[in-house]
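A short write-up of the structure that comes next.
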Amino acid sequence: MKKIMSLMAAGLMILPSLAFAEDAPVSEMSFILNTFSFLIMGILVMWMAAGFGMLEAGLVRSKNVATICLKNISLFGIAGILFYLMGYNLMYAGVDGGFIGSFGLWGADDAAALAGDYSGGYSAASDWFFQMVFCGAACSVVSGCVAERIKLWSFLAFCVVLCGVIYPIQGSWAWGGGWLSEMGFADYAGSTLVHSVGGWAALTGAIILGARKGKYGKDGRVNPMPGSNIPLATLGTFILWMGWYGFNGGSVLALGDAASAIEMGNVIANTNLAACGGMIAAMIMVQVLYRKVDVTMGLNGALAGLVSITAGPATPSLGAAILIGGVGGVLVVLAVPLFDKLKIDDVVGALSVHLVCGIWGTMAVPFTDSGTSFMVQGIGVVAIGAFVVIASSVVWLVLKFTVGIRANEEDEYRGLDLSEIGMEAYPDFQTIHIGGGSGMPSNAAAQVMTSAATNPAKQH
Amino acid sequence: MKKIMSLMAAGLMILPSLAFAEDAPVSEMSFILNTFSFLIMGILVMWMAAGFGMLEAGLVRSKNVATICLKNISLFGIAGILFYLMGYNLMYAGVDGGFIGSFGLWGADDAAALAGDYSGGYSAASDWFFQMVFCGAACSVVSGCVAERIKLWSFLAFCVVLCGVIYPIQGSWAWGGGWLSEMGFADYAGSTLVHSVGGWAALTGAIILGARKGKYGKDGRVNPMPGSNIPLATLGTFILWMGWYGFNGGSVLALGDAASAIEMGNVIANTNLAACGGMIAAMIMVQVLYRKVDVTMGLNGALAGLVSITAGPATPSLGAAILIGGVGGVLVVLAVPLFDKLKIDDVVGALSVHLVCGIWGTMAVPFTDSGTSFMVQGIGVVAIGAFVVIASSVVWLVLKFTVGIRANEEDEYRGLDLSEIGMEAYPDFQTIHIGGGSGMPSNAAAQVMTSAATNPAKQH
Amino acid sequence: MKKIMSLMAAGLMILPSLAFAEDAPVSEMSFILNTFSFLIMGILVMWMAAGFGMLEAGLVRSKNVATICLKNISLFGIAGILFYLMGYNLMYAGVDGGFIGSFGLWGADDAAALAGDYSGGYSAASDWFFQMVFCGAACSVVSGCVAERIKLWSFLAFCVVLCGVIYPIQGSWAWGGGWLSEMGFADYAGSTLVHSVGGWAALTGAIILGARKGKYGKDGRVNPMPGSNIPLATLGTFILWMGWYGFNGGSVLALGDAASAIEMGNVIANTNLAACGGMIAAMIMVQVLYRKVDVTMGLNGALAGLVSITAGPATPSLGAAILIGGVGGVLVVLAVPLFDKLKIDDVVGALSVHLVCGIWGTMAVPFTDSGTSFMVQGIGVVAIGAFVVIASSVVWLVLKFTVGIRANEEDEYRGLDLSEIGMEAYPDFQTIHIGGGSGMPSNAAAQVMTSAATNPAKQH
Amino acid sequence: MRKIECIIKPFKLDDVKSVLTDLGINGMTVSEVRGFGRQKGHAELYRGAEYQVDFIPKVKIELVVAADMVASVVEAVQKEACTGRIGDGKIFVSPVEQAVRIRTGESGEDSL
Amino acid sequence: MRKIECIIKPFKLDDVKSVLTDLGINGMTVSEVRGFGRQKGHAELYRGAEYQVDFIPKVKIELVVAADMVASVVEAVQKEACTGRIGDGKIFVSPVEQAVRIRTGESGEDSL
Amino acid sequence: MRKIECIIKPFKLDDVKSVLTDLGINGMTVSEVRGFGRQKGHAELYRGAEYQVDFIPKVKIELVVAADMVASVVEAVQKEACTGRIGDGKIFVSPVEQAVRIRTGESGEDSL
Ligand SMILES: Nc1ncnc2c1ncn2[C@@H]1O[C@H](COP(=O)(O)OP(=O)(O)O)[C@@H](O)[C@H]1O
Ligand SMILES: Nc1ncnc2c1ncn2[C@@H]1O[C@H](COP(=O)(O)OP(=O)(O)O)[C@@H](O)[C@H]1O
Ligand SMILES: Nc1ncnc2c1ncn2[C@@H]1O[C@H](COP(=O)(O)OP(=O)(O)O)[C@@H](O)[C@H]1O
């Protein structure tokens, strides 16, 4: 719920603060508080980039860890630059109920406020910063899903388009005041606009790239390729959980009046309980289904709860937030093997968490927010999904048939760390080539062998 | 120092801000700032859950790392849900000088503030959130102490009772306005109410569970079982240190007037210097006693300083804060081998840090706060200690004789990661079964052998 | 831009807020906001200590990881205590255009504000806290550069002098209102005062200590000694990036008026984009020069961008910020091999990042800030550089010829973790003694052998 | 009895294991080793300096078999582990005088 | 001289080491290996897929001894490492022609 | 053919490798082992308890050579790996009956 929403759903609440705009001192305070909220909450959202980085670094095999680290930090760099070059204006400048904003570099204009007119509500750069950090999150979703096989620079090229074009265009439809917002589509902090956008882009990427070699056996077997560092993945989840308070809490978009502060309190409490519900539900599900609790499912469950509540964290009661998150946690446990059955290889569970629960969360809003309708929510989900699937397919395919998107089999077997960036993530530790954890089960080995025999390149 | 304290010790300081309650705009600002402080500081306290998680993941052996990660994140989920279901109301609703609050789901009520009456001081959910995160911290203390041998679900069951019953009941005595608060017991941010509560619960758990196999030799030898990841433990300590600014700083419980802001500044500076004092004192102690600086003792020293200052961070001068923390640092270095001598096996030093220094910190308050007495402080420490020891013993014993609390010897030897959750924390890394770091010294091996011979289960 | 700067460059902006000082309620709010900003931003800067810790722990070899962790957390403890004992007053008390403040313990004095006079602007302790955390950052720069060979206690002794004497004296010249500030030297958040000060101290240390054994072959070969944990280094960089928002954003030194809030927004947006620019520029440079992207260069590039913008983050446009950071990123890629050519062994790239880019950032201020001159900036850089080089050389040499600063060759070969602190950072993991990653290339081995033969101490 | 040591490429381990179990071998001991030979290692880059990693990860399989099994085992491993490219590894056969099963104390070929 | 290779369960290492030093052995070389045999590995679970880890951690002790020590060493190890349960491991004895102590250049049994 | 096993101090590996390649050896297999012997391990400290780590990291080089190379290899390794201090390690020589290069199926000395 960006920009436009602050004039819509939260409209009434904002009014008192705008009213104060007349009496100088108070409205200056509101201006400061709104600005400070954007900055602090934006910093928390930026921190989520680190969370994604650690989660993904923990869930890939050790031979791809350095590469995924590099991807995660550099995509955040790309997000910042692209959102300055074109993203922000495409998303927010002159959308006017339409389908797209305008092109052009973004620049801060705080002349009015500096001249004592605080009706703008907040500093321009604080708003830019807060919107920009959201854009990085969508890329992070993609990186985890297509990990361990995609080429570094092709991935970064995709991020450029995602941040510069795809994300802002669809974002303009709802948060930029475009056609979806006019219809009344509600997505408070981005279950659809951020998470399922990342999810759709990741889905097309995963399909076009194909699964990691050896992941799926000929007989339909799924060969696990266990993540190399569970505490790192746990840390990443904690970071994401923490950052999410800013993601949702900052999306109140104001702190200058009591109503906004109250809303922020409710949003943060609900966000927290949805995560709790998602995690506990996922843990119980996985215990019941498999008799053991897979830690990574618990982590995914917490994230599932967070994604689920993100479309509407202000309206549910705490109990409803637990339920909304809990359903997310159940969905994720069911979705992970489902995607595997479809042979869509999602390394970290990004599709189950961000796409599936992003849709669920968006569709769940009308349960607690009477101002929304299932119909409109569905239109938003489908429209944005269709746009992102088409647009990112085009980009992935163009990349595939020009520079190529997939590391060759030999490189994939050796790991992207050696082949793409020429270094190891853990050079001092002996890694296992025998038995469990190698992620190279027998039929995989067979496949690699074949390739090795026909591809007389550098070898192992 | 929750709720009640804001009307007691800090009473005078709060007055000016309450006075502003008449003039609408300013008091709305106070309301916002109080709320925002609860939220931001609460987020920092939540972050401590990650700190405990990383500290403990770094200090257990690699075969138990995934399990401890799962415990640490899921206990935070439990804390949130239980504090909603019953904890908050048991602790704060209608205690009235008594021994317990009332039962019932918690729900936010901000009607007055939304109608323009800001005398409540802050948004309901922001307060709930801030109180809830404290509850998780007590569980985190337990998890580190009983690590490497306790069953996952039994541990979580204990957390349910701790969060839902034990913690809130004793919490009501002081922070909920119960009998201890009426006597004048002072515990600003919870040296006793949070840390030593966790410590007592951990102590009973550690005794009832017994030591890890092989930890104590027949001849009284202590066999070290070195932590598997020192940088992770260091990161955890940094996170805890950071989060503690929120733990203590947020416990001012207000930011709406200059006096509160000044107090918050003092609290944060003192908190920081107590940590510095504790760490440096511990490092010097350990260098003098052992001729080498054990990193983990330095880390524990910093935490010892933090726990020590927590009961009274507002009143000491900076120099006094260094001393209070420094004594904590010395205590921890002495307490760790002492608990070992008593054959109480505390994997991460939780008892030395949270219990011992929690008591020390509470008893040290009267040195700098003339409004408190050693007698009353002692009564609080003993009363809460007795209650928690009894209540948690009952829970541990019920669990022991129903579902069981301890993994069997074979499972303990293989590690809880394989036996309890069926995965490895670091599956790609070769771990050491020879010599140092295996944590399986000879007499331990002997014990395990005996067990293996008599227990014809799955084996190694 | 500390203290004095708030009366200089930003003077005009601060005026409105000071004007409010008359009307009680608003100025109390300004006081609170200024205080809260110091605290929150200071907490973010404290967090950078963890960032340095993780970055360095990731970039040293596994045999020195526990030691570098200990150094990084204990230096922060030293910084706090020394800044209380003497640092703050030396830097800020009675400098009056001169070269040094006064001696004495620091103590908070908030009597005026408590009496209702808010013209002081913020709580004393909040200011102390914010200034203190900067001091730790300078030490962290040193620790990374001289890692893997310096003795623990000698390093800590150096930190005592750096925090207690060297840092505050030079700091008084600009931020304490000394001679440099009177000349108009501008260093907003410390490209020179913090980063290049750390850099100069590190440079003298690195030269006086000498390179790690085996780092430079007789034939001029540089033998890489790869960092042991790339995700940890990445996490450290993310933490530093996050903390830097507080480092620069908090250096607005005010939040009590709209102009400050606007400035803070601009500073944070610029800080972010400079990091983006530095990282992307470094990645492109390294790809072009070496055909592969060294992750650690990307990380250093982001930090280079951050250091570069730190001297003047308020005045550039976003585009200029990208450029300033980007130049930093290019410089770092060029400087790393240059220092190696000079056989100055900088383990983590601290000189390239903090010294080189600290100078670049300071000299770049006049491009966007017309109130500054290249001449004065140059004088500041040279004066501070000369002072720090001389002062720290004296300290290093005194330490060298008394207690000694360098671990002996045998200890260096075994690693400081075993020899200095008697423990291992990763005791459960098998480490590699064969081939890559051992950091013990052949000619190094030869040197070690010679030493071993002549030095009949404990051996391997 | 003979000990057969096979040094092979790591990704061949599962195939070799399968073919050995097909031959009726039901015990072997495997370890991670690093090989130096005609096959050259990869270059790594670190902070502006490139370096060669000479030692290449290999897997060593050791199995003790009755003398009459040697020929078939050697042949099977050679065929299965072969990719035809440099670095495929070696098989060495050496004499073993005695073998004991620790669990039962059985010795000789019965213990294998 | 003979080389005795013992493949044992990891937690038995310290016991076996003790009994060997009691026998007057003062040198041995130990390594981590993974065994495949009658003892079956454990199942792990990852994201909804269960899988078997076939190779079980074992410790290999290698020691070279004078020929006349072989019987007592083999017996001692067999007794000490035995738990009576599947997977206890094996002892193999093979001939060694020459041994040299690097430090002194001594060779033969003196070098052990 | 003979197998030569050298247990050496880790930091000597590169020197020994060089001298071996100078002798014309172009293959060897190296592994990480832990040695127990006259050289005593280091003490570590953890949370107030000190303990001895008995097993010291060593590197084992295995190489199979033609019989006529044995003397020169043993001599070269002994000289190169020697520091004169306790713990320098051992060299063991044992018989090998057969050797096969997996890539080509060649056997005997040609396969080395
Ligand atoms: N003489 C030898 N003794 C022991 N191991 C050897 C010997 N020669 C080669 N090896 C091992 O065999 C592996 C493969 O040898 P290499 O020369 O690279 O290729 P190829 O097997 O195709 O001849 C080496 O990495 C090494 O582990
Ligand atoms: N023929 C063999 N050659 C080499 N090692 C073997 C052989 N058979 C078994 N082993 C080793 O001995 C270990 C134990 O063997 P296993 O068959 O599991 O049980 P047991 O020792 O009780 O017969 C295996 O894990 C493997 O390491
Ligand atoms: N009898 C033996 N069998 C196998 N390995 C041995 C034997 N004796 C020693 N070693 C190996 O040689 C290494 C060095 O032996 P040690 O007794 O410490 O010193 P030195 O080589 O100077 O006699 C040991 O760490 C061990 O790995």
Side-chain angles (χ1 to χ4, degrees), chain A residues 20 23 25-26 29 33 37 40 44 61-63 226-231 234-235 237-239 241-242 245-246 249 255-262 264-266 268-269 272-273 275-277 279-280 283 287 292-296 298-299 302 317-319 322 426 429-432 436-438, chain B residues 25-26 28-29 31-33 35-36 38-40 42-43 46-47 49-50 53-54 57-58 65-67 69-70 72-74 76-81 84 105-108 110 113-114 118 122-129 132 152-153 229 232 235 420-430:
Chain A
F20 295 149
D23 6 345
V26 171
M29 286 298 136
L33 286 168
S37 167
I40 296 297
L44 286 172
R61 289 166 295 170
S62 56
K63 62 186 177 183
S228 53
N229 195 326
I230 298 300
T234 308
L235 176 66
T237 305
F238 269 120
I239 293 174
W241 191 324
M242 183 191 195
Y245 297 132
L255 182 67
D257 56 306
S260 300
I262 290 168
M264 192 181 285
N266 292 332
I268 287 179
N272 186 70
L273 280 181
C276 298
M279 182 173 53
I280 302 297
M283 283 177 64
Q287 170 77 27
K292 290 203 168 166
V293 185
D294 182 328
V295 184
T296 67
L299 303 180
S317 66
L318 292 188
I322 296 177
Y426 303 107
F429 300 148
Q430 289 195 44
T431 47
I432 291 181
S438 72
Chain B
V26 170
E28 184 175 13
M29 285 298 135
F31 181 95
I32 296 171
L33 286 168
T35 299
F36 195 57
F38 271 150
L39 294 175
I40 296 296
I43 291 172
M46 172 273 174
W47 185 220
M54 295 303 110
V65 167
T67 306
C69 287
L70 180 59
N72 271 280
I73 197 162
S74 57
F76 189 73
I78 287 174
I81 293 176
Y84 157 67
L105 297 185
W106 181 84
D110 291 301
L114 286 170
Y118 303 118
Y122 38 74
S123 106
S126 70
D127 171 47
W128 178 85
F129 178 68
M132 177 274 292
L152 173 65
W153 288 103
N229 195 327
L232 212 55
L235 176 65
E420 288 273 306
I421 59 175
M423 74 188 307
E424 293 169 67
Y426 303 108
D428 285 7
F429 300 146
Q430 290 194 43

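Every heavy atom of this structure was used, including side-chain atoms; hydrogens, water molecules and symmetry mates were not. So you know, we letter chains A, B, ... as the sequences are listed, proteins then strands, and number each from 1. None of the values given here were measured: they were computed from a predicted structure.
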[X] and [Y]: which non-hydrogen atoms are nearest, and at how many Å?
X	Y	value
A:S228	B:D428	CB-OD2, 3.7 Å
A:P231	B:C69	CA-SG, 3.5 Å
B:F76	A:N272	CE2-OD1, 3.4 Å
A:Q287	B:W153	OE1-NE1, 2.8 Å
B:A125	A:N266	CB-OD1, 3.3 Å
A:V293	B:I421	O-CB, 3.2 Å

Under 4.5 Å from a heavy atom of chain B, the part of [X] involved:
X	value
A:I322	side chain
A:L318	both
A:L273	side chain

Where on [X] is there a heavy atom nearer than 4.5 Å to chain A: the side chain, the backbone, both, or neither?
X	answer
B:S74	both
B:F36	side chain
B:A425	both
B:A66	both
B:L232	side chain
B:A79	neither
B:L39	side chain
B:Y426	both

Inset, instruction - Taking the six-membered ring for Trp and the full ring for Phe, Tyr or His, determine whether the centres of A:Y245 and B:F129 are under 6.0 Å apart. - result: yes
Inset, instruction - Look at B:G58, B:S126, B:A113, B:A50 and state which one has the largest set of heavy-atom pairs under 4.5 Å with chain A. - result: B:A50
Inset, instruction - Please lay out, stage by stage, how B:F429 and A:T431 fare under the test side-chain contact (heavy atoms from CB on, under 4.5 Å). - result: CA-CA 5 Å; B:F429 300 146; A:T431 47; 4.0 Å; yes
Inset, instruction - For the pair B:I81 and A:I280, evaluate side-chain contact (heavy atoms from CB on, under 4.5 Å) and give the outcome as yes or no after the intermediate values. - result: CA-CA 9 Å; B:I81 293 176; A:I280 302 297; 4.0 Å; yes
Legend entry - A:I40 side chain reached by B:I40 side chain, heavy atoms, under 4.5 Å: yes
Legend entry - Identified side chain to side chain contact (heavy atoms under 4.5 Å, CB included) partner of A:M279 from the options B:I78, B:I73, B:L70: B:I73
Legend entry - Partner residues of B:E420 under the side chain to side chain donor-acceptor pair (under 3.5 Å) criterion, sequence neighbours left out: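 Partners of B:E420 by the side chain to side chain donor-acceptor pair (under 3.5 Å) criterion come out as none, since no residue qualifies.
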Legend entry - Stepwise side-chain contact (heavy atoms from CB on, under 4.5 Å) test for B:T35 and A:M264: CA-CA 9 Å; B:T35 299; A:M264 192 181 285; 6.0 Å; no
Legend entry - ring pair (Phe, Tyr, Trp, His ring centres under 6.0 Å) against B:F38, all qualifying residues, sequence neighbours excluded: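 If we apply the ring pair (Phe, Tyr, Trp, His ring centres under 6.0 Å) test to B:F38, skipping adjacent residues, the hits are B:Y122, B:F130.
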